Number of protein chains: 2
Amino acid sequence: MAIIVNKEEKRRNIALSCRELLLEHGIDNLTISQIARTAGIGKGTIYEYFENKEDIVFEIITTFISEHEKRLEEISRADIPTREKLFHFFYLLFENETAKRHLNIYKEFLAISLTHEAKEMLEFSEQCREKFIMILNRILETGITSGELDGQMQISASSLVLFGTGLVVDSRLSTCDVEKEIEIFLNTLFGERESKSREKK
Amino acid sequence: MAIIVNKEEKRRNIALSCRELLLEHGIDNLTISQIARTAGIGKGTIYEYFENKEDIVFEIITTFISEHEKRLEEISRADIPTREKLFHFFYLLFENETAKRHLNIYKEFLAISLTHEAKEMLEFSEQCREKFIMILNRILETGITSGELDGQMQISASSLVLFGTGLVVDSRLSTCDVEKEIEIFLNTLFGERESKSREKK
DNA sequence: TTCTTATGACTGACCGTCGGTCAATTAAAT
DNA sequence: ATTTAATTGACCGACGGTCAGTCATAAGAA
């Protein structure tokens, strides 16, 4: 008989081999021919493992997002004040150049899932949202038990997620200073930060 | 000589004649040929008045957004409680079917401006943001002078805008109940709503 | 062991579609 | 008649996606 390849594995390998290509070119300037060349296979072979271009890009982006989620979980478990956890939670995608490259891809992902109503992609987004809410709830709960958060203040994780989404989207605008916006928002939730000591040292 | 047409006016007319077409098909499924046919002109003529497809779509969307801004201003000036103004501010794009069609186009606009870094489009987005902030500030200020808002609570308009952006984006997810999310968020800002009277009648 | 054959893996030439271009045409003003 | 703004649709190149055909190997027959 003929060779039987592990479709799942090869699919993942193709995706992995094109991560850098995607970061470099962005979604719209990424062609199937490029992907095939980079993966070292024929153009037609791509379609043995993926439905369409969207499917490939989605697969690659999935790998980025799950890494991001891992880092968010680390933050939620870190031994730092609650307010700082939240700051890092929001700021994680902006804090350095690598993060910003990932941010760009995440924005492109949002753009696609905003226009193409592919069921699979929506489901994935919903799972992400659930995960974000879960992590945020962990942060909020430990904040309440530690007494940092007023139990009656009723900060909702889902509101925080919406703020975070808005932050990602509006960060494209030069008039939106991400760091400042996060501070302002946290000030609304926590009250003005007592000392600005952190800022100058 | 030959006829001198009013370029600005014709440009606007082409855009206006294609509003319905855009609402119907969405950006990606809207072709230049369709636009030309609908506007009753040749395909090449399009490019006398627009740089590219993006430019046309942008022009059409601009008309929608400025209408939306007008409605937001009306809300800010309405004679209703501050909290209700904010609710309508956020809910305006979701409250009926026409609004939802406009929402879809707005999402597509976000998607484009999220990926294509065209200067003109970014500038327009920044102007929108400024306008939203201005309107929200008017709402907040009258709320403070009327005593509905605690002057020290320090709600920031820009935070509200970010929440609103997030709402638009995440509203695509079936797990995001827009109305509920707005209520939850307002509860965080205003404290739990005293009576739920409004809900049942 | 060697040969045959079945079949999944793979390929790139090809297709349809689309955004965008441009040489040719039209028609108004002089 | 000449000039020139305005208009046009045939055409182009690039792209995502398809498919008829090729290749490589495992399994069975000799």
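It should be emphasised that the depicted structure is a prediction, and the values quoted were computed from it without experimental measurement.
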Output yes when Glu148(A) and Lys85(A) qualify as a salt bridge under the 4.0 Å nitrogen-oxygen rule, no when they do not. no

May I have the distance from His116(A) (atom NE2) to dG16(D) (atom P), rounded to whole angstrom? 12 Å

Electrostatic pair Lys53(A)-Asp55(A), nearest N-O below 4.0 angstrom: no

Parallel, tilted or perpendicular: ring planes of Phe89(B) versus Phe132(B), cut at 30 and 60 degrees: perpendicular

Interatomic distance, Asp28(A) CG vs dG16(D) C1' [rounded to whole Å]: 13 Å

Ignoring backbone atoms, test whether Thr45(B) places a side-chain nitrogen or oxygen under 4.0 Å from the OP1 or OP2 oxygen of dT8(D). yes

Apply the test ring pair (Phe, Tyr, Trp, His ring centres under 6.0 Å) to residues Phe124(B) and Phe58(B): give CA-CA distance (whole Å), side-chain angles for both, the deciding distance (0.1 Å), then the verdict. CA-CA 10 Å; Phe124(B) 178 75; Phe58(B) 182 50; 5.3 Å; yes

Angle between terminal axes - the helix from dT1(C)-dA30(D) to dT30(C)-dA1(D), 5 pairs each end, rounded to 10°: 30°

Between Glu95(A) and Arg71(A), does any side-chain N to carboxylate O distance fall below 4.0 Å? no

Value in whole Å for how far the C1' atom of dC10(C) lies from CZ of Arg37(A): 17 Å

Could you tell me how the ring of Phe185(A) sits relative to the ring of Phe90(A): parallel (under 30°), tilted (30 to 60°) or perpendicular (over 60°)? perpendicular

Can you check the Arg11(A) CZ to dA9(C) P distance for me, whole Å? 15 Å

I need the CD1-C1' distance between Ile35(B) and dC18(C), as an integer number of Å. 12 Å

Phosphate contact (dA9(C) OP1 or OP2) by Lys10(A) side-chain N/O below 4.0 Å: no

Can you tell me the distance, in whole Å, between the CD1 atom of Ile41(A) and the P atom of dT11(C)? 7 Å

Heavy-atom nearest nucleotide on DNA chain D taken for Gly44(A) and for Thr31(A); more 5' hit belongs to Thr31(A)

Note: contacts of residues 46-61 of chain B with DNA chain D (heavy atom, under 4.0 Å) are Glu48(B), Tyr49(B)

To the nearest Å, give me how far apart NZ (Lys43(B)) and P (dA10(D)) are. 10 Å

Less than 3.5 Å apart, any donor N or O on the side chain of Arg83(B) or Asn187(B) sitting next to an acceptor on the other? yes

Any side-chain donor-acceptor pair under 3.5 Å between Ser156(A) and Ser158(A)? yes

Starting at atom NZ of Lys7(B), determine the distance to atom P of dT7(D), rounded to an integer number of angstrom. 7 Å

Of the candidates dG20(C), dA6(D), dT7(D), the side chain of Ile32(B) sits closest to dG20(C)

Using a heavy-atom cut-off of 4.0 Å across all strands, would you classify Leu30(B) as base, sugar-phosphate, or nothing? sugar-phosphate

Using the side-chain contact (heavy atoms from CB on, under 4.5 Å) definition, which of the options Ile56(B), Ile27(B), Ile112(B) pairs with Ile61(B)? Ile27(B)

